[in-house]
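For reference, the structure is listed below as structure tokens.
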There are 2 protein chains.
Amino acid sequence: MPATIRDVAKASGVHVSTVSRAFSAPQLVNAETRAHVLAAAEVLGYRPNRAARALITGRTHNIGLIVADIANPFFPPLIKAAESHARGRDYHVFVADTNEDPGVEEELVLALAKQVDGVLLCSPRMSNTQIEQLSREVPLVVVNRPVPGLPAVVMDVAQGARLAMEHLVGLGHREIALLGGPRGSWTNREIRRAATLAARTAGAELVVLGPNAPTEESGSAQAEAVLRAGVSAVLAYNDLMAVGLIDALDHRGVKVPDQISVVGIDDTALSRRTRPMLTTVATPTAAAGRAAVDMLLQHGDDRRTTALVTLQTELVIRDSSGPGPHRTAGPGRRQQPPFDGVASESRE
Amino acid sequence: MPATIRDVAKASGVHVSTVSRAFSAPQLVNAETRAHVLAAAEVLGYRPNRAARALITGRTHNIGLIVADIANPFFPPLIKAAESHARGRDYHVFVADTNEDPGVEEELVLALAKQVDGVLLCSPRMSNTQIEQLSREVPLVVVNRPVPGLPAVVMDVAQGARLAMEHLVGLGHREIALLGGPRGSWTNREIRRAATLAARTAGAELVVLGPNAPTEESGSAQAEAVLRAGVSAVLAYNDLMAVGLIDALDHRGVKVPDQISVVGIDDTALSRRTRPMLTTVATPTAAAGRAAVDMLLQHGDDRRTTALVTLQTELVIRDSSGPGPHRTAGPGRRQQPPFDGVASESRE
DNA sequence: AGTTCTGCTGCAAACGTTTGTAGTCGCATG
DNA sequence: CATGCGACTACAAACGTTTGCAGCAGAACT
């Protein structure tokens, strides 16, 4: 029913190959002929069938984007940035949601494999070996985890966690809890590593709670555990959990930051909306989305590339963190490294 | 490079057509042969090329889902429900975001047209005539707007607005502001119509402010206007705007609900997170996502169908609405119609 | 005048599938 | 022994494109 290239050829009295070239290689066809063809196409409402084109060129001009949870406010800015960046390069982005399930994750990559030119795998919960296997099916760029042998873009969340810990210690906190994230998450491991180290060098004690689902509910659910641990400050895996925790503490009549300080990670839109406003580590999500698209488009088919882009993070001090029980000559109110959202690039 | 059906045929010593049938019509091929074929396919890592299949069957087994703004918390539940529902029917959902821009909206439908079996168009900002034109390119199901001649699923937001107004009037409010939504929105027109009617029948005054972008910022920006209007209650186009407004009022030292009552619409996750918790109209977004998928899959190619599914809404009373200046024997605390998330179906 | 070049267009194969039709085989039936 | 049938499998055309190659005219060289 829809018009094909053959209909256009017939209508304009030329061969199909000429019609094809009129669209995809204008310089190879006489300007006058081309005008004829385009006019005929217009009246027929012809639109090239991308599937057929993909079949022969091997390029679909589509990018897959897989995220753990589209409802997590961390992802939308990344998605939007990737979409508009890709659109500017004549690519379309197909978003899919895995519900934090590694099985669905794998299934989706496989399903997308043949209909996109590459997949952006964000915050994967699979194992590295699984990811490497999948990378044989379709070009992959991993976001929020460095996978040896694959292009990846990560955020320097270790640095962010360190800054957050130093901030808390500087405020006089000596017993701090880490509200851990989900099991498969590289980011979670990084945070834990950096926080542990920072606590040790500062002579503070770190209580690790987790792993937990990275949700608001799970943040709330850990409130009891936090209180039992007897800490004066908490660093959470992400803003969502921090918000959930603050909420549950509030319900119990525990004042933030007067009795307990809470610091989040991600600086989502949420963090400016809570009472008190959330001290958090800002991660450059939009920049990550753009960088991932660039890497995918740039590397094209040579899948075994090893570029790693690392984006800087910064500490954003708001109102959910305050003085701890151990008075100290604290640091100044602001403690932010220069930040332009762009990357240090390295190779491994 | 990736294994094709021909490789599998060669490896298992049968014709390609047999391989094809081994996958898509198992009962037509000898069980033993089939086992051979599947084994060969397995070792070669063969996966059928969906683009090639689509070329001949005309079915891609993909669904496009277009939303105005993926960062608006109204959409993720709808998206997730549509995705998992579709996955259960062996379909994949491709999500795209228009940034509230009608131009991008049209472009995306056209781009998706040839690579999906149909498109779910959520909360369109285009005109009805534009939508009808596009429906000739690809089967369309419209969500949040009834378009004559096209299948659509809408929420009975007029009923929700009426309930909200009655709630406010019952609390003693006589001067109420309506914080309007975006220009192209059918939902916005419905709310306005219903609220106006409800105000008139109750003898209350309604001040309409807008149109506005459906964002938190724009809710905050209207705080001045709300105060100038001298109203004691506000009904907002959505939760996002309600939250933004409450925030801005709070900054000005205006107490909610003591001085001004605020009611939202959508019952997003946000509404339970604000202080005070938001009174709002719950819209069954997940059910809408599922219903839309069903309609698309069911109607298949006969595009000119006229089914309309209407989903009920309910009023959820929380803490952001309180007594107004005019004491009345108010209604009970709860005022909710029976609600099971399912639809009344009708035809027009 | 012959040759080469340039600019354009047509031809036909190819991409990886599906599917209608025809063929083969063994076996039971008449 | 011919016939028919059932179960299976091979053949080949088709889907809507792209693209290397060849062809052809005319212009520009030698």
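What you see is a predicted model, and the numbers here were worked out from it, not measured in a lab. Just so it is clear: chains get the letters A, B, ... in the order the sequence lines come, proteins before strands, and each one is counted from 1.
- In this structure A:Pro102 satisfies the side chain to side chain contact (heavy atoms under 4.5 Å, CB included) test together with A:Arg125, A:Met126, sequence neighbours excluded.
- Side-chain contact between B:Val309 and B:Met295 is present, with at least one heavy-atom pair separated by less than 4.5 Å.
- For DNA chain D, the neighbouring residues in residues 21-43 of chain B, judged by any heavy atom under 4.0 Å, are B:Arg21, B:Leu28, B:Val29, B:Asn30, B:Thr33.
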Show me the side-chain donor-acceptor pairs of residues 23-34 of chain A shorter than 3.5 Å, one per line, residues at least two apart or across chains.
unit_1  : atom_1 : unit_2  : atom_2 : d
A:Ser24 : OG     : A:Ser20 : O      : 2.9
A:Asn30 : OD1    : A:Glu32 : N      : 2.7
A:Arg34 : NE     : A:Ala22 : O      : 2.8

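- The ring pair (Phe, Tyr, Trp, His ring centres under 6.0 Å) search around B:Phe74 returns none, not counting sequence neighbours.
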Give every pair of a protein N or O atom and an N or O atom of nucleotides 24-27 of chain C that lie under 3.5 Å apart, one pair per line with the distance.
none

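- The residue among B:Ser17 and B:Leu55 whose nearest nucleotide of DNA chain D lies closer to the 5′ end is B:Ser17.
- With sequence neighbours left out, A:Ser84 forms a side chain to side chain contact (heavy atoms under 4.5 Å, CB included) with no residue at all.
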Atom pairs and distances, donor-acceptor, side-chain atoms in residues 37-44 of chain B, under 3.5 Å, two or more places apart:
none

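- Pairs engaging residues 119-148 of chain A under the ring-ring contact (aromatic ring centres under 6.0 Å, His included) rule: none recorded [sequence neighbours left out].
- With sequence neighbours left out, the side-chain hydrogen bond (donor to acceptor under 3.5 Å, both in side chains) criterion links B:Asp69 to A:Lys80.
- For the helix from C:dA1-D:dT30 to C:dG30-D:dC1, the axis fitted to the five pairs at one end and the axis fitted to the five pairs at the other end meet at an angle of 60° (nearest 10 degrees).
- Taking A:Arg47 as the reference, B:Glu137 meet the salt bridge (charged side-chain N to carboxylate O under 4.0 Å, His left out) condition, with sequence neighbours excluded.
- Under the salt bridge (charged side-chain N to carboxylate O under 4.0 Å, His left out) criterion, B:Arg183 pairs with no residue at all, not counting sequence neighbours.
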